[in-house]
Amino acid sequence: MTIYDYNSAYRGANFEGQERVNTRTAAFAHSFGAMLARRSSDRWSTMTSMLVTKTHRALSSIPQSPNDLYFPVDTTLAWSYRLTGSYRLPYGLNVSGLYTLLNGVYGQRTYTFRSLPNLSTRSIRLEPYGDSAAPARPNLNIRATKRLQLKSSRNLDVSFDAINAFNSNTPWATTYVSGPTFGYATTIAGPRTLRFGIAFSF
């Protein structure tokens with residue numbers, strides 16, 4: 001790759017200045033969504049939806065040097081899917097769930113060049129944004145509730161939740177810097193969590 005630096009003779013405040021300029025790349029996005037729902041009837045209800053978004057944005061709104069012109073635009077396609085439903089069982093027991101599926105975390109491989117005469121270090125993009133991506137991110141939450149009616153309009157609600165029931169560990173943040181840590185997940189989904197709750201209303 002060609003790495004752009006400048007001669008040491010031009011270092012200093014005498015060769016620096018500020019100028020108002022317009023960004024050359026407009027940021028915009030186009031989305032398409034669809035939803036299908038069934039109202040609560042015969043003990044059950046459900047809703048499903050899908051959203052797709054095509055993005056066009058500059059990774060550097062104002063390039064500071066020709067080094068920022070390598071693969072400068074994000075044109076990725078983000079998508080998400082959601083499915084939720086509930087079912088009323090006998091004896092006042094209600095079961096519901098929420099399933100979501102999101103696209104994997106997008107990124108691009110970069111490399112940090114060091115020991116440059118004046119820039120010292122410079123991180124350069126090596127591929128289009130989105131060429132590196134993590135797996136899709138699924139998640140399922142389940143809840144079961146039971147209401148106990150007490151005297152004088154008082155109720156006792158007992159609930160049980162399973163959060164991230166699949167115990168998914170897909171990454172939500174990943175480093176794409178070339179080297180031994182390339183592709184390492186820096187943030188993953190929380191572990192499966194079981195929660196028991198009691199609520200008293202009066």
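Owing to the predicted nature of the structure, the values given are computational and were not obtained by experimental measurement.
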Identify the heavy atoms of [X] and [Y] that sit nearest to each other, and give their distance.
X      : Y      : result
Phe71  : Gln108 : O-NE2, 3.8 Å
Asp157 : Ser201 : OD2-OG, 4.5 Å
Asn141 : Asn164 : OD1-N, 2.9 Å
Tyr81  : Ser49  : CD1-O, 3.2 Å
Tyr99  : Pro138 : OH-CB, 3.8 Å
Tyr87  : Asn94  : O-OD1, 3.3 Å

Pairs flagged by side-chain hydrogen bond (donor to acceptor under 3.5 Å, both in side chains) wherever residues 177-198 is involved - sequence neighbours left out: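 Every side-chain hydrogen bond (donor to acceptor under 3.5 Å, both in side chains) pair that includes a residue of residues 177-198, provided the two are not neighbours, is Arg109-Ser178.
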Could you check whether any side-chain heavy atom of [X] comes within less than 4.5 Å of a side-chain heavy atom of [Y], counting everything from C-beta outward?
X      : Y      : result
Leu77  : Val52  : yes
Tyr129 : Leu59  : yes
Thr46  : Trp44  : yes
Ile198 : Leu156 : yes
Ile124 : Tyr111 : no

Checking the side chain of [X] only, and the main-chain atoms of [Y] only, is there a donor and an acceptor separated by less than 3.5 Å?
X      : Y      : answer
Arg57  : Ser60  : no
Ser65  : Asn67  : yes
Gln64  : Ile62  : yes
Ser123 : Thr112 : no
Ser31  : Lys54  : no

Sequence neighbours excluded, every pair satisfying ring pair (Phe, Tyr, Trp, His ring centres under 6.0 Å) that has a member inside residues 149-172: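 Every candidate ring pair (Phe, Tyr, Trp, His ring centres under 6.0 Å) pair involving residues 149-172 fails, so no pair, neighbours aside, qualifies.
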Atom pair [atom1]/[atom2] of [X] and [Y] - distance to nearest 0.5 Å:
X      : Y      : atom1 : atom2 : value
Thr100 : Arg82  : OG1   : CZ    : 6.5 Å
Ser168 : Asn139 : OG    : CG    : 7.0 Å
Trp79  : Thr53  : CH2   : OG1   : 12.5 Å
Met47  : Met35  : CE    : CE    : 6.0 Å

Same cluster or not: are [X] and [Y] linked, directly or through other Ile, Leu, Val, Met, Phe, Trp or Tyr residues, by side-chain heavy atoms under 4.5 angstrom apart?
X      : Y      : value
Phe202 : Val158 : yes
Leu101 : Met50  : yes
Leu148 : Phe200 : yes
Leu126 : Tyr70  : yes
Ile142 : Leu83  : yes

Enclosure of Arg154 CZ (heavy-atom neighbours >12, cutoff 6.0 Å):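 At most 12 heavy atoms, drawn from other residues, nucleotides or ligands, come within 6.0 Å of this atom.
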Sub-6.0 Å ring centroid separation between Phe32 and His30: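 Between Phe32 and His30, the centre distance exceeds or equals 6.0 Å.
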Where at least one partner belongs to residues 120-144, residue pairs that pass salt bridge (Lys or Arg N to Asp or Glu O under 4.0 Å), sequence neighbours excluded: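 The answer is Arg143-Asp161.
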Ring geometry between Tyr10 and Phe15 (parallel below 30°, tilted from 30 to 60°, perpendicular above 60°):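 Rings of Phe15 and Tyr10: perpendicular, over 60°.
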Polar side chain donor-acceptor pair, Arg88 to Ser40, under 3.5 angstrom: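 Yes, a side-chain donor-acceptor pair sits under 3.5 Å.
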